[in-house]
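Note sheet for the following structure.
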Amino acid sequence: MSTLTFLGAVGEVTGSRYLLEVDGDPRPHKLLLECGMHQGGREAEGANAVPFGRLVEQLEAVVLSHGHLDHAGLLPKLVREGYRGPIHCTADTAELLEIMLVDAAFVMAKDVEWENRWRARNGKPAIEPLYDEDDVARTLSLCEPHGYGQPVHLPGGVTLVFRDAGHILGSAIVELGIPSGGQQRRLVFSGDLGNPASVLMKDPEKVYDADLVLMESTYGDRDHRPLEETLEEFARVLEEAHADGGNVLIPAFAVGRTQEILYHLSVLYHEGRLRQQMVFLDSPMAIRVTELYARKRKALDPDDLKVLNVAAHGDPGRYLPILRLTRTVEESMAINRIHGGAIVIAGAGMCNGGRIVHHFRYNLERPSTRLVIVGFQAEGTLGRQIVDGAERVRVLGEELAVKARVHTLGGFSAHAGQRQLIGWAGAFRDHPRFYLVHGEPGAQQALQAALAGSGIDAEIPAYRQRIEL
């Protein structure tokens, strides 16, 4: 019998990784579904550093649902340790990976440089990054891009089809046809399912046939607030910040969330409801991703683009005229001379690094500042501390009082909420087996109970649990 082993995103949101062992003679064919980075604190760093070991030599293929680092961030480490097989992904994911992984390697190199300076002063041995830009280049050369709905033949007689997950550019639901015990079994992995209410992405595709379903459960314990209400609150926060003379800080994920926030700011601008005169996109990676989204307009929701095109009279350059792209460190530092009237969108989305933490140093202790949280904050991150109400936080070695007003706007989520997850799961015929992944324990248990109420039995797997297909 073919088997699946849960190696990541079990009892947590990040670190996606699943090992598929397919019937073969004299030994099974091994395929890896996802190769994600753990995110959130020292424990995550330790998990990321664990070697892949013999698996590197045994793997025949890697399949990737999308380009977020918690699904793809350890690919270059896999390659650094010797993997030379194909990496199957959608065409748009392959282009995103070039941006995401180069940036990850750059940030890692800087972090290791600072760490090694401290180690040298304290007589400790130097450390190396998990991977570097050469490893990223080798990784990108192994990517084999495919379109949605295009059957792909993998080792061991496995067939692969990608479906649109509606989460970010290139995101996919993964369908795998797998020989097992003389039968053909169908495994469906949701990847990250999009929120149908969010803009720019198309709705996630429904899938109807499966024997086994791995489903994400990030927001399994709640529904998102209606987008209309979220937008009204967003507009009100911006208005209050303008009236108080403060800046607005928006920690945003470079892929997906940033582009969605820019879209809504553009709509508010053309409606005459954006009082701020300066919007800074202060993230080189987010700038590159936004430019990629602009080139990939055909992959985006045409109805959403029509709204902007009508407002800007068909000129993309007029979508948001007050937007400033700050690519250099010097341009980013200059923003901190502005004490009010600016909206600053910067990474990292969970506030665990990037330029946003530098803006915290200059703005977090000001009551006039508005900090707008628009994405999921994982356990162990600075963003989670702030969302949970911490009055003081440590930023770049300095303790800061959180005097800024914090607003969490869950309606902007690019993930499906509980009701949408149940709706997606309910489309399957003939009661496949469900396993809940990519969720913290409370969210998974809540979703498990809600699914049971809809007549769907779902299990919550344990780390390294192995199941037969």
Side-chain angles (χ1 to χ4, degrees), residues 39-41 224-225 229-254 256-262 264-265 268 273-283 286 322-324 326 332-414:
Q39 295 170 313
H224 300 307
R225 190 178 182 188
E229 294 179 17
T230 299
L231 289 174
E232 284 304 311
E233 182 180 359
F234 187 40
R236 188 168 62 251
V237 169
L238 298 179
E239 179 66 36
E240 290 173 358
H242 179 266
D244 286 354
N247 291 324
V248 179
L249 302 184
I250 307 178
F253 298 93
R257 198 61 42 82
T258 290
Q259 293 72 41
E260 184 176 3
I261 293 300
L262 289 174
H264 292 304
L265 289 173
L268 289 173
R273 302 178 66 192
L274 189 61
R275 303 284 296 278
Q276 281 82 1
Q277 296 302 305
M278 295 169 288
V279 176
F280 294 97
L281 180 50
D282 188 28
S283 163
I322 62 173
L323 177 64
R324 303 290 179 265
T326 53
S332 178
M333 293 172 64
I335 296 172
N336 290 317
R337 294 197 290 269
I338 301 171
H339 300 304
I343 298 172
V344 183
I345 305 167
M350 296 185 191
C351 312
N352 53 337
R355 293 182 177 181
I356 193 68
V357 294
H358 293 276
H359 297 304
F360 279 0
R361 290 181 65 187
Y362 292 89
N363 293 275
L364 203 59
E365 294 192 310
R366 293 178 178 162
S368 61
T369 298
R370 298 298 189 274
L371 174 58
V372 181
I373 302 293
V374 296
F376 185 84
Q377 306 298 307
E379 286 279 4
T381 62
L382 174 58
R384 183 61 167 264
Q385 292 177 45
I386 294 173
V387 167
D388 285 347
E391 296 182 357
R392 304 187 71 83
V393 293
R394 196 160 188 82
V395 178
L396 298 172
E398 180 181 354
E399 192 171 277
L400 301 178
V402 182
K403 296 182 179 179
R405 292 191 61 180
V406 180
H407 302 266
T408 302
L409 303 184
F412 284 137
S413 177

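What you see is a predicted model, and the numbers here were worked out from it, not measured in a lab.
To the nearest 0.5 Å, the span separating CZ on Phe253 from CD1 on Ile345 amounts to 14.0 Å. Between Ile343 atom CD1 and Arg275 atom CZ the span is 12.0 Å, to the nearest 0.5 Å. Interatomic distance, His359 NE2 to Met333 CE, rounded to the nearest 0.5 Å: 10.5 Å. Atoms CD and CZ, on Gln385 and Arg394 in that order, are 11.5 Å from each other to the nearest 0.5 Å. A distance of 8.5 Å separates OG in Ser413 from CD in Glu260, rounded to the nearest 0.5 Å. Taken from CG in Leu409 to CD1 in Ile373, the straight-line distance is 9.0 Å, to the nearest 0.5 Å.
In this view, Asn247 and Asn363 satisfy the side-chain hydrogen bond (donor to acceptor under 3.5 Å, both in side chains) rule, not counting sequence neighbours.
Heavy-atom minimum distance, Leu265 versus Leu274: O-CD2, 3.8 Å. Pairing each heavy atom of Gly349 with each of Gln377, the nearest pair is O-NE2, 3.1 Å. Nearest heavy atoms, Asp244 versus Arg370: OD2-NH2, 2.6 Å. Residues His264 and Phe412 approach most closely at CD2-CE2, 3.4 Å, considering heavy atoms. Shown here for Thr258 and Ala252, the closest heavy-atom pair between the two residues is OG1-CB, 3.5 Å. Across Gly375 and Arg257, no two heavy atoms sit closer than the pair CA-NH1, 2.9 Å.
Remark: Glu391 CD is loosely packed, at most 12 non-hydrogen atoms of other residues, nucleotides or ligands lying under 6.0 Å away. By the 6.0 Å contact criterion, CE on Met278 is enclosed, its count of non-hydrogen atoms from other residues, nucleotides or ligands being greater than 12.
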Quiz: residues 401-408 side-chain donor-acceptor pairs under 3.5 angstrom, not counting sequence neighbours:
none

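Between the side chains of Ser332 and Asp282, at least one donor N or O sits under 3.5 Å from an acceptor N or O.
Screening Val357, Val387, Asn352, Ile356 for a side chain to side chain contact (heavy atoms under 4.5 Å, CB included) with Leu382, the sole residue that qualifies is Val357.
With hydrogens and angles disregarded, a donor-acceptor distance shorter than 3.5 Å links the side chain of Thr326 to the backbone of Leu281. Of the possible polar contacts, none joining the Gln276 side chain to the Glu239 backbone as a donor-acceptor pair under 3.5 Å is found.
Looking at heavy atoms from C-beta onward, Phe234 lies in side-chain contact with Leu268 at the 4.5 angstrom threshold. For the pair Leu371/Pro251, a side-chain contact is recorded, criterion being any heavy-atom separation below 4.5 Å from C-beta on.
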Should Arg384 and Met350 be marked as a side chain to side chain contact (heavy atoms under 4.5 Å, CB included) after you check the CA-CA gap, both sets of side-chain angles, and the distance that decides it? CA-CA 7 Å; Arg384 183 61 167 264; Met350 296 185 191; over 6 Å; no
Could you please spell out the steps behind the side chain to side chain contact (heavy atoms under 4.5 Å, CB included) verdict for Thr369 and Leu364? CA-CA 7 Å; Thr369 298; Leu364 203 59; 6.0 Å; no
Side chain to side chain contact (heavy atoms under 4.5 Å, CB included) assessment of Val372 paired with Ile261: CA-CA 11 Å; Val372 181; Ile261 293 300; over 6 Å; no
Quick one: do Val395 and Arg361 satisfy side chain to side chain contact (heavy atoms under 4.5 Å, CB included)? Show the steps, please. CA-CA 7 Å; Val395 178; Arg361 290 181 65 187; 4.1 Å; yes
